[in-house]
Asks: 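Mind having a look at this structure? Questions to follow.
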Amino acid sequence: MITSPLRDDMKTEVCSLNSEMSQTTHLKSGEDVHISPKQNASYSNGSHPISAPNRIEAVLCYENNCGTQKYLEPVISDAANDVNMEAEPNTLPVTKKMRQQKEITFQDIYREEYDDDDDDFEDSDWEPSQEEPKKWFCTNCTMVNLDDVLHCDICGEYKDSEILSLGFFASDVAREADHAEFKSEVRDGYKGSYTCKSEVDNRTAVGYDERMLLHSEVEMKSQPHPERPDRLRAIMASLSVAGIFPGRCTPISGREITKEELEMVHPMEHIEAVELTSSMVSSYFTSDTYANEHSACAARLAAGLCADLTTAIMEGHAKNGFALVRPPGHHAGVKQVMGFCLHNNAAVAALAAQRANAKKVLIVDWDVHHGNGTQEIFEANKSVLYISLHRHEGGRFYPGTGSADEVGRLGAEGYCVNIPWKCGGVGDSDYLFAFQQIVLPIASEFAPDLTIISAGFDAARGDPLGCCDVTPAGFARMTHLLTALSNGRLLVILEGGYNLRSISSSATAVIKVLLGETPKFEPGSVVPTKAGLQTVMEVLQIQMKFWPNLESNLARLQSEWPSFSFQNRSKCVLIIVYCVQTIFCNI
């Protein structure tokens, strides 16, 4: 999930609210604020109160690793007329020369349109075209392309992609002539691709409700918001074409969670702040965490599905389950809405499990961003073990939390386990190595009654925000390893993931494991990168104080790996350089 690390010196964007108009409104949950018509709001960033500035709002880097801010005139307009809103006239264009004078941020990479002019070209007879070049947004990754280009310059997706109807099975070079015949061929191929044990042993439940598609960003900015309804559409299309869902999985009907259930996770002021958005056409909690009039309902449905799936698993009505939900949840703290997240779905599920007599719950979070909200909710709770694998880079990667020495507090030290990667480009080998050396030994010792996966697929290969390299096979292997815990009681909850091919193929691979597939895996073939090994050894050194069974792992690695020829860390660097170079190749 995506914005800037929250630091005391950062100002949170705010603007005045007029409840008599359909205006774009910025909210912050968890604040004791009374707002009346024509009254300016005053908010707090958690440390210092912030009054709404007269005409300035701070827009933070979209995937901010550096904490830079960009100040723009605020948008105060009728949201219904802002769908095709153009850039603010006061916003200066960013030229190539300007980019050379500042560090490239993800705001530059992700949110700004391409600048195709050549500042070094000078011709007194040349006159610029008065017509704005036609452009199209890639369905798969949302990046902007010129109209005469048939394939996305970033991800290679076909301009008229059918990924929303055929899922990741759709061709990325042309349209399919006969959808019915194509789907039949895919399903025939899938019938023999995996073998289920029995209908009794593989009761996999899937939670989904179309009303969650109504949660979307009303304002059209420089390009579509990455957390968009198409994420669910692409996954559902893939499962449908494969004959997995509907078909092989049991559907769980959508239910809006009650305020009483939510109050076990969030205070009433947080809940009411989210509910307030139901009366607004468009609103924002942060510069990138939007809401519309349907968002509160979608958030209630997402949390309700997670609670009901948990109950079905704990009561034996389902063996495992997958919550295909949005908005995501792992950044939502006790009373903080951020990072696209409104309510914390994993926390709701964990507490629902405990109401169904689970004594101990394990949450494994492999989203590329640290689940700061989930950690905050459970960091003093010894009955919930939270393990997160995420990009961190010394706190420079959003949200900036999740260092290895964040281990829990108030007697629950050791029940937060953070595995913070030092760079991007991290792939299957590093993740599986961390599972072998840290995740599984601690989880086995903890012996949970239910295992929850906060399954963000933004660490997947091709994701425009995560820039990591985990494959669908990698996600499938991690899922399979976790099925050995909790007597197979496993709930997977969708978090992030913004490349439609990556998220749909990865989600499909995970559900196939839930249905009984055993992915091919040779444990001896896992060789970490040098950076990955360093992270694992640092975490072992910290966590063995709380989990003594890790001490032997650390001793073995210290004795074995110095003489081993490491994979070069350049793999991490090359993938990130590729991401940046590909995006800027036409500038």
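Throughout, residue positions are numbered sequentially from 1 according to the sequence presented.
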Asks: Could you label the plane-to-plane angle of the F475 and W366 rings as parallel, tilted or perpendicular, counting under 30° as parallel and over 60° as perpendicular?
Replies: tilted

Asks: Return the set of residues passing ring pair (Phe, Tyr, Trp, His ring centres under 6.0 Å) with F435 (not counting sequence neighbours), or none when no residue passes.
Replies: none

Asks: Tell me every residue that passes salt bridge (charged side-chain N to carboxylate O under 4.0 Å, His left out) with R175, counting only those two or more places apart in sequence or in another chain.
Replies: E162

Asks: With T479, which residues qualify under side chain to side chain donor-acceptor pair (under 3.5 Å), at least two apart?
Replies: none

Asks: Once side-chain contact (heavy atoms from CB on, under 4.5 Å) is applied, do any residues pair with S161, and if so which ones, sequence neighbours excluded?
Replies: T139, E157, I163

Asks: Would you please name every residue forming a side-chain contact (heavy atoms from CB on, under 4.5 Å) with H294, sequence neighbours left out?
Replies: L214, N292

Asks: So which pairs with a foot in residues 293-303 pass salt bridge (Lys or Arg N to Asp or Glu O under 4.0 Å), sequence neighbours left out?
Replies: E256-R300, E275-R300

Asks: Just to verify, what does A237 make a side-chain contact (heavy atoms from CB on, under 4.5 Å) with, not counting sequence neighbours?
Replies: none

Asks: Residues two or more places apart in sequence or in another chain: which of them pass ring pair (Phe, Tyr, Trp, His ring centres under 6.0 Å) with H392?
Replies: none

Asks: Which residues satisfy the ring pair (Phe, Tyr, Trp, His ring centres under 6.0 Å) test with Y208, sequence neighbours excluded?
Replies: none

Asks: Holding to salt bridge (charged side-chain N to carboxylate O under 4.0 Å, His left out), I want the full list of residues that pass it with D160, two or more places apart in sequence or in another chain.
Replies: none

Asks: How about H370 and F397: are their ring centroids closer than 6.0 Å?
Replies: no

Asks: For Y431, which residues count as a ring pair (Phe, Tyr, Trp, His ring centres under 6.0 Å) partner, sequence neighbours excluded?
Replies: W421

Asks: Return the set of residues passing side chain to side chain donor-acceptor pair (under 3.5 Å) with T374 (not counting sequence neighbours), or none when no residue passes.
Replies: N344

